[in-house]
Amino acid sequence: MSFDSNTLNPEQREAVTHGAGPLLVLAGAGSGKTRVIAARIAHLVLRAGVPAGAILAVTFTNKAAREMNGRVAAMLPRGEAPTICTFHAFGVKLLRAHIERLGYRRGFAIFDTQDQLSVVRNLMEEGDFDNLLLNPKEALFLLMQAKGKGVPAADLLANTAPREQMLGRIMTGYQAALQRMNAVDFEDILILSLRLCLEHPEAAAGFFARYRQVLVDEYQDTNQTQYDLLRHLVAAHRNLCVVGDDDQSIYGWRGAAPGNILEFERDFPGARVVRLEQNYRSTDTILAAANQVIRNNTRRKEKRLRGNQGPGKPIAWLVAEDEQEEMERVATHLKLAHLRDGAALSDFAVLYRSNHQSRAIEEALRGEGIPYQLVGGTRFYERKEVKDALAYLRLVENPADEVSLYRVLNYPRRGIGQASQLKLAEYAAHQGRPVHELLREAGQYGEFTGAVATAMERFGEMLERYRGRFAAEPMGTVFRALLAEIGFHRAVEKEHDDAKGRDRAVQLVLELELAVDQYGRNNPAAALKDYLERVALFTHLDNEEPEQRLPMVTLTTVHAAKGLEFPTVYIINAAEEVFPNRRALAGGEEEEERRLFYVAVTRARRQLVMSFAKVRRRFGQELKQKPSRFAREIDPGLFAGDSPQGGAAQAVKVDKTREAKSRFFNQIKMLGDPADAKPALPAAD
DNA sequence: CACACGCTAATTTTT
DNA sequence: TTAGCGTGTG
């Protein structure tokens, strides 16, 4: 296979064929960014003679990495492939080889937010910390922010502000605890990678040396640590190509430093800068709306998306009395477009600001019999049942993981209660020995009664036994045996007294067993730690292999929709305090919310629909709503009929007692709507 | 130590 | 409003 550079526009071609040295690509939404990166990789290999194995492309999400891998694979001959992965996956590769130099052991665990919170909670319970000054959740959030910026504990401790002081003490204790447990968090993966560069340059350089061309996708989402790591990575050759769009920076809350885009030209003098402003995705109407919204942001690099498809359909503004009616209107609108225009269900996406909003639209779609696919939502690997079961695997792999240990030491119940656990922890701290070592000798200490000591010893013995089995037998088999031995299913069932919840919980466990089993079968050479690493790094965005299922409507948060496109996009709940999100506004993040809205709008290819309810129920109370300020920033002339500027006043009253009739009426009304009746534009590809 | 009831926080986004 | 957590009781 190969690629055809003649299908590229001049700017794209410039980016693709750029030779050595730093390159900054400012890529507007829908400007063919992913295509450019893939084409550049192909160009480097096929035309510039760079070995595929010498290329590293870093993405922000696993989903992006997977898509990039697919595209590149289609353009390159079989054989050695470039490394295409997330920052974190790359960091883990590096740490797996060299973490022992940094005071950790092999087989380290990767802690997720829940695990981290558990550590912080324990820390704050045991030590002298003022919960009112900083509760565990706040503390963890600030801790991660500080870590993302590379702020050391010493700096925090040197600060006179009491909150900073406290945070500094928490950071010290937290890092000590993680090291004791041989665990790293997501930020540690990056920080330790960077530390390796600084403290063991020979080891890091040895690892990096093979990469002679480095590409970074979604550059605006990188944080300080990632940026520093990049600089070390390319220090020897400066062959760094970063692609990003400051208008699509939507991870500021996670410490992303979009300023990295500006710093790039300073830190890499002589960098070539290419701007991609030609949009191939959306109609002019959609692009106009996007431009009108984003231009209200003050801190941005001025740019303007140019389209080439003509105006297309106007934007639709659906107004309803309450949320239920809003979602019914969306579902009806969608169904009608599906039936009337013959559009596939996979052509539609419903976007919302935050995950919990999916519930209402799900109900409405179910009511209309429209199949949908939920992106994200409650994450499989974060479900209690799944985490409990996984805790056993994590313990087998890393016995020092006390978070997992205490999670399951008495689950399923084996008679080791809170008091005994506390005693165990204190005794371990007093002896300065790891908890798991003490377990197996519990009978030797007078601390524990006979029954408790026996239970502890049996627990320790069991883990040891399964450690051996996992090393020798297929992991799926051993995992099932383990769950059976401890009576896990029974324990899960016992936790629910309602049949629904029970079935759901059991189903989750069965799903997990299947996942472990399949992973073991598909990767016979893989060890347990490979599976655990995958679980830790992969998120719900990576819903296994892209299944070839029935066409379905996609339901997703705006964040998770970044990088995707759909012929028709619904932005639901386009109301003040919802989108923009109230807390974000309170935190002074209006501009990031606006960028998020901009991302939502630019996902649409041919039609954009926004919906709004005049009243929302919140905590059981009725709340009057106003149309989103972002929707109001769009020229009313771009809307068909109702617009957010005046739409609320003209809402169609729906008689609840005659819902079926009114729905029918709505359908007729929409069928007759001249704006809506325009035929869809042909595909612009 | 297990269970039940009642209180409180949640409603931002994810590697 | 609801889910998850903590406290108190048996």
Side-chain angles (χ1 to χ4, degrees), chain A residues 58-65 85-92 110-114 116-117 121 125 135-137 141 144 147-148 184-190 218 221-223 225-226 249-256 323 351-360 375-379 381-382 384 410-421 449 451-452 455 491 494-498 501 533 535-542 556-562 573 575 577-587 589 592-593 595-597 599-600 616-623:
Chain A
V58 199
T59 61
F60 187 61
T61 64
N62 295 302
K63 192 173 64 176
C85 63
T86 64
F87 264 108
H88 290 86
F90 182 73
V92 168
I110 299 170
F111 275 10
D112 68 13
T113 309
Q114 280 182 49
Q116 292 177 281
L117 197 56
R121 279 206 181 109
E125 265 168 35
N135 70 39
K137 277 194 172 171
F141 183 77
M144 289 308 275
K147 288 180 73 171
V184 301
D185 62 31
F186 286 120
E187 211 48 57
D188 283 333
I189 292 173
L190 306 171
E218 306 284 12
D221 291 331
T222 54
N223 69 13
T225 313
Q226 287 165 327
S249 165
I250 54 175
Y251 287 101
W253 51 276
R254 255 190 60 198
E323 193 178 35
L351 272 49
Y352 34 83
R353 175 63 180 82
S354 43
N355 264 313
H356 71 274
Q357 292 164 12
S358 70
R359 177 151 288 186
V375 180
T378 320
R379 284 145 269 204
Y381 286 112
E382 287 174 21
K384 183 188 176 299
N410 197 35
Y411 183 88
R413 299 251 145 83
R414 48 177 70 87
I416 308 174
Q418 214 172 22
S420 304
Q421 294 189 24
T449 65
V452 171
K494 229 176 121 189
E495 288 210 31
H496 301 265
D497 31 351
D498 59 315
E533 177 187 309
V535 166
L537 252 34
F538 273 51
T539 70
H540 62 280
L541 292 181
D542 314 293
T556 171
T557 63
V558 182
H559 280 89
K562 190 163 78 155
N573 263 314
E577 313 246 295
V578 178
F579 199 173
N581 174 273
R582 182 184 172 181
R583 291 166 77 118
L585 283 181
E589 289 151 25
E592 177 142 322
E593 292 292 300
R595 288 192 293 269
L596 198 53
F597 197 85
V599 167
R616 173 171 50 118
R617 294 190 90 78
R618 184 163 156 259
F619 308 151
Q621 289 194 320
E622 290 213 329
L623 221 88

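Model, not experiment: these values are computed from the prediction. Quick note on labels: first sequence line is chain A, next is B, and so on, each numbered from 1.
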Participant: Can you tell me the distance, in whole Å, between the CZ atom of A/F597 and the P atom of B/dT13?
Facilitator: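 To the nearest whole Å, that distance equals 18 Å.
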Participant: Output the rounded distance in Å from CD (A/E323) to P (B/dT11).
Facilitator: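 Going from A/E323 (CD) to B/dT11 (P), I get 15 Å.
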Participant: Counting any heavy atom closer than 4.0 Å, what does A/I416 reach on the DNA or RNA strands: base, sugar-phosphate only, or nothing?
Facilitator: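 If one applies the 4.0 Å heavy-atom cut-off, A/I416 turns out to touch the sugar-phosphate alone, with no base involved.
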Participant: To the nearest Å, how far apart are A/K137 NZ and C/dG4 P?
Facilitator: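 Going from NZ in A/K137 over to P in C/dG4 covers 11 Å.
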Participant: Hey, does the side chain of A/N355 come within less than 4.0 Å of B/dT13's phosphate (OP1/OP2), counting only N and O?
Facilitator: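 For B/dT13, OP1 or OP2 has a side-chain N or O of A/N355 closer than 4.0 Å.
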Participant: If you only use heavy atoms from C-beta on, which nucleotide in B/dC1, B/dT15, B/dT13 is closest to the side chain of A/T61?
Facilitator: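 Shortest atom-to-atom distance from the side chain points to B/dT15.
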Participant: Under the rule for side-chain hydrogen bond (donor to acceptor under 3.5 Å, both in side chains), what residues qualify as partners of A/Q226, not counting sequence neighbours?
Facilitator: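 Result, side-chain hydrogen bond (donor to acceptor under 3.5 Å, both in side chains) vs A/Q226: none returned.
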Participant: CD of A/E589 versus C1' of B/dT11: gap in Å, rounded?
Facilitator: 15 Å
Participant: A/F186 has a side chain; which of B/dT15, B/dT14, B/dC1 sits nearest to it?
Facilitator: B/dT15
Participant: Please tell me which of A/R583 and A/R413 maps to the more 5' nucleotide of DNA chain B, matching each residue to the nucleotide holding its nearest heavy atom.
Facilitator: A/R413
Participant: Starting at the 5' end of DNA chain B, which residue's closest nucleotide do you reach first, A/T113 or A/N410?
Facilitator: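 With A/T113 and A/N410 compared, the 5'-side residue is A/N410.
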Participant: Where the side chain of A/T86 is defined as all heavy atoms beyond and including C-beta, which of B/dT12, B/dT15, B/dT14 is the nearest nucleotide?
Facilitator: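 Nearest to the side-chain atoms of A/T86, counting from C-beta on, is B/dT15.
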Participant: Measure from the side-chain N and O atoms of A/D185 to the backbone N and O of A/I110, and report whether any donor-acceptor pair falls under 3.5 Å.
Facilitator: no
Participant: Mind checking if A/F87 touches a base, just sugar-phosphate, or nothing, with heavy atoms under 4.0 Å?
Facilitator: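 No contact.
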Participant: Name all residues meeting the ring-ring contact (aromatic ring centres under 6.0 Å, His included) criterion together with A/F186; count only those two or more places apart in sequence or in a different chain, and write none if there are none.
Facilitator: A/H88
Participant: A/R353 CZ to B/dA10 P: how many Å, rounded?
Facilitator: 16 Å
Participant: Just how far is it from atom NZ of A/K562 to atom OG of A/S249, taken to the nearest 0.5 Å?
Facilitator: 7.0 Å
